[in-house]
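All remarks here apply to the structure that follows.
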Amino acid sequence: MVKAEQVRKFLSNPLVRWNLRQLSRRNSDTDRTLIKEMIAAYIGQGKIKLQYLPYFAFISILPYILKIDREKLINEIFSQPHYRQAISNVACSVAEFGLNTPQIFASPLLVVWNFTNACNLKCKHCYQNAGQVLEDELTLEERLKIIDELYSNDVAALAFAGGEPLMHKDFWPVAEYAHQKGLHLSVATNGTLITKDLALRLKEVGVNYVEISVDSVKPEAHDNFRGGKGYWARTIEGIKNCVEVGGLQVGMATTITNNNFSEMQELIELSKELKVNYFYVFNFIPVGRGKDIVKSDLSPEMREEMMHILHNAFLEKGVGTFSTCPQYGRYCYQHAPNEVIINSHYGYAKGEYAKMLADYIGGCGAGRAYCAIQPNGFVTPCVFMPTIKVGDLRRESLKDIWHTSKVLKDLRDRSALKEQCGSCQFRSMCGGCRARAYGYFGDYMGPDPGCINNLSAWEKLINQEEEAELLKTGANF
């Protein structure tokens, strides 16, 4: 089997980059790159051209090089439009920027779209401070135009978030149109609105993955955190409906804080009982309403234990445990380098390829591999950085925003990160959470105080809190 180092050398070869530049050119009639058209032709979904034949020869030997079944390569990868989007994106990225750790992408692989500010709950940690529809939210026509932009920029995956995206009438036609374009679609929802009929409709419009939040195994604790009564039961019912409809990947998500840390094992067991595909832990970020519960954040030591529990569940219980915590890949590599390494928010691998993938695509992807869209079309580096506007899709193209924003360019340079995040040996596979750095220190290039390697940053926060308490106490006398 080809070695990881051979893959690096192959993609770094000047002749290979030259070929990738040729394949990255676009057909002006179809707005598709040549590599997408070439792969489609190879699997019988497009016209074969003479210029494709040398590449066909290379594709034909790929199964032997990678030790993968040819039918699997064709049916599970090349035949999937979102994989062709991703392959085209990677080809364009290596052609334009070369191979670097972490990889800089020519356009985002993933976009998270806060589709509406409307929400039927009042969650205590809501980054969006959602509730009511904003006056300047996008029209249906503007939303469909954005889908066209995502497709033409080789975005492979689109995640609908909110607010509660299922509350907005435009969600359905936009999701269906995005599916027709070939994007991989996911929906992050509180689950309370998902009846059996609605779960079936999600499947029919082309949604691939539904992620539903559960904050506690105790109904009353979940309901208190979500701002009302009866939500836990409706959420669990929503999960069951998505699982039972079949054809949907389903994830159970939770934000781990001091309030539910002791329930982690029980939450994982609940996810197994519900037969979901993934158990997903979100980092706590002090933004939006989350600023009011900042004292609930985990200490660096607790976060290490959280990752231990997640990794152990993956290795010993076969549970698909993922996290937005960028240190997760580092933890996996340190504690079991020859086992499964979580190399991105949804990706994993085993063996020598795992470390290579973690170095190239691991850790925080804000502004480098992904960005967010707000309900009014503003672009931000991450959904957890809603106040950092880097562009406006009503007035600018995604391509121009992605290539010209100073903030996005800053975020791609991990050598410029401050304190331990900038000098850490695991910088390429982690980089720290940029949203946490910004939320705590007002500096998106600052240290992530949640990491065990950044204890000085955490202690600085503790000292600041203690000083603030003393000043407050003194003012009361």
Side-chain angles (χ1 to χ4, degrees), residues 2 4 6-8 10-13 15-27 30-49 51-100 102-111 149-158 178-179 181-185 208 343-349 353 356-357 360-362 365 368-370 398-399 402:
V2 67
Q6 291 174 302
V7 175
R8 287 192 182 95
F10 176 76
L11 291 175
S12 299
N13 185 291
L15 181 60
V16 172
R17 283 191 66 188
W18 181 86
N19 276 283
L20 290 176
R21 280 193 286 271
Q22 307 314 305
L23 290 170
S24 297
R25 290 182 295 145
R26 292 188 178 274
N27 184 325
T30 63
D31 198 29
R32 295 195 300 177
T33 58
L34 294 185
I35 193 168
K36 277 198 286 190
E37 294 196 338
M38 183 264 292
I39 293 174
Y42 181 80
I43 61 175
Q45 295 182 9
K47 184 178 179 181
I48 296 176
K49 298 180 181 179
Q51 69 191 102
Y52 297 159
L53 297 182
Y55 301 109
F56 281 5
F58 174 73
I59 292 175
S60 296
I61 64 172
L62 270 180
Y64 302 99
I65 296 174
L66 301 176
K67 302 296 183 183
I68 185 174
D69 181 74
R70 181 179 180 275
E71 294 302 314
K72 183 176 182 180
L73 182 68
I74 292 174
N75 296 328
E76 296 184 18
I77 298 178
F78 288 163
S79 294
Q80 301 298 319
H82 63 273
Y83 278 127
R84 296 202 293 270
Q85 287 278 104
I87 291 169
S88 178
N89 193 319
V90 171
C92 293
S93 302
V94 175
E96 182 174 353
F97 297 109
L99 201 62
N100 35 74
Q103 184 61 43
I104 298 172
F105 290 92
S107 55
L109 282 169
L110 164 69
V111 168
E149 279 217 62
L150 299 183
Y151 172 77
S152 65
N153 280 277
D154 290 331
V155 173
L158 171 62
H179 171 68
K181 285 289 186 178
L183 276 66
H184 182 279
L185 303 182
N208 304 93
N343 51 50
S344 67
H345 291 347
Y346 292 97
Y348 66 93
Y353 277 104
M356 182 184 74
L357 287 171
Y360 284 103
I361 65 173
R368 178 184 61 86
Y370 113 95
L398 178 63
K399 182 177 181 180
W402 189 257

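Note that the structure is a prediction, hence the values are computed from the model and not measured. Scope of the values below: all heavy atoms of this structure, side chains included, with no hydrogens, waters or symmetry mates.
- The shortest side-chain heavy-atom distance between V94 and V16 does not fall under the 4.5 Å cut-off.
- For L158, the side chain to side chain contact (heavy atoms under 4.5 Å, CB included) criterion is met by V111, W113, I147, L150, F160, A178, L183, L185, not counting sequence neighbours.
- Applying the side chain to side chain contact (heavy atoms under 4.5 Å, CB included) test to A106 and every residue at least two apart in sequence or in another chain returns C92, S93, E96, F97.
- Side-chain atoms of N153 never come within 3.5 Å of backbone atoms of V155 as a donor-acceptor pair (strictly under, hydrogens ignored).
- Smallest separation of non-hydrogen atoms from L398 and P108: CD2-CG, 4.4 Å.
- Applying the salt bridge (charged side-chain N to carboxylate O under 4.0 Å, His left out) criterion to R21, with sequence neighbours excluded, gives no partner residue.
- Taken from CG in L62 to CD1 in I68, the straight-line distance is 9.0 Å, to the nearest 0.5 Å.
- For the side-chain hydrogen bond (donor to acceptor under 3.5 Å, both in side chains) test, residues two or more places apart in sequence or in another chain that qualify with Q85 are K36.
- Between L99 and S12, the shortest heavy-atom contact is CD2-OG, 3.6 Å.
- Minimum interatomic distance between P63 and L73 (heavy atoms only, all atoms of both residues): CG-CD2, 4.0 Å.
- Judged as a side chain to side chain contact (heavy atoms under 4.5 Å, CB included), and not counting sequence neighbours, the contacts of K49 are N27, E37, Q51, Y52.
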(request) Evaluate the side-chain contact (heavy atoms from CB on, under 4.5 Å) criterion for residues V90 and F105: first the C-alpha distance (whole Å), next the side-chain angles of each, then the deciding distance (0.1 Å), finally the verdict. (result) CA-CA 7 Å; V90 171; F105 290 92; 4.1 Å; yes
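- Here the CD1 atom belonging to I361 is positioned 10.0 Å from the CD atom belonging to Q103, to the nearest 0.5 angstrom.
- Under the 3.5 Å distance criterion, with hydrogens and angles disregarded, no donor-acceptor pair is assigned to the side chains of Y151 and D31.
- Taken from CG in L34 to CG in N19, the straight-line distance is 11.5 Å, to the nearest 0.5 Å.
- Judged as a side-chain hydrogen bond (donor to acceptor under 3.5 Å, both in side chains), and not counting sequence neighbours, N208 has no contacts.
- Judged as a side-chain hydrogen bond (donor to acceptor under 3.5 Å, both in side chains), and not counting sequence neighbours, the contacts of R26 are D154.
- Shown here are the ring-ring contact (aromatic ring centres under 6.0 Å, His included) partners of Y42, two or more places apart in sequence or in another chain: F56.
- Taking Y83 as the reference, nothing meets the ring-ring contact (aromatic ring centres under 6.0 Å, His included) condition, with sequence neighbours excluded.
- Between the CG atom in N75 and the CG atom in D69 there is a gap of 8.5 Å [rounded to 0.5 Å].
- Take H82 and apply the ring-ring contact (aromatic ring centres under 6.0 Å, His included) test, not counting sequence neighbours, and it matches H184.
- The two residues F10 and F58 come nearest to each other via the heavy atoms CZ-CZ, 3.8 Å.
- Applying the side chain to side chain contact (heavy atoms under 4.5 Å, CB included) rule to I43 yields the partners Q45, I74, F78, S79, R84; only residues at least two apart in sequence or on another chain are considered.
- Closest approach of A40 and R32 over heavy atoms only: CB-NH1, 4.4 Å.
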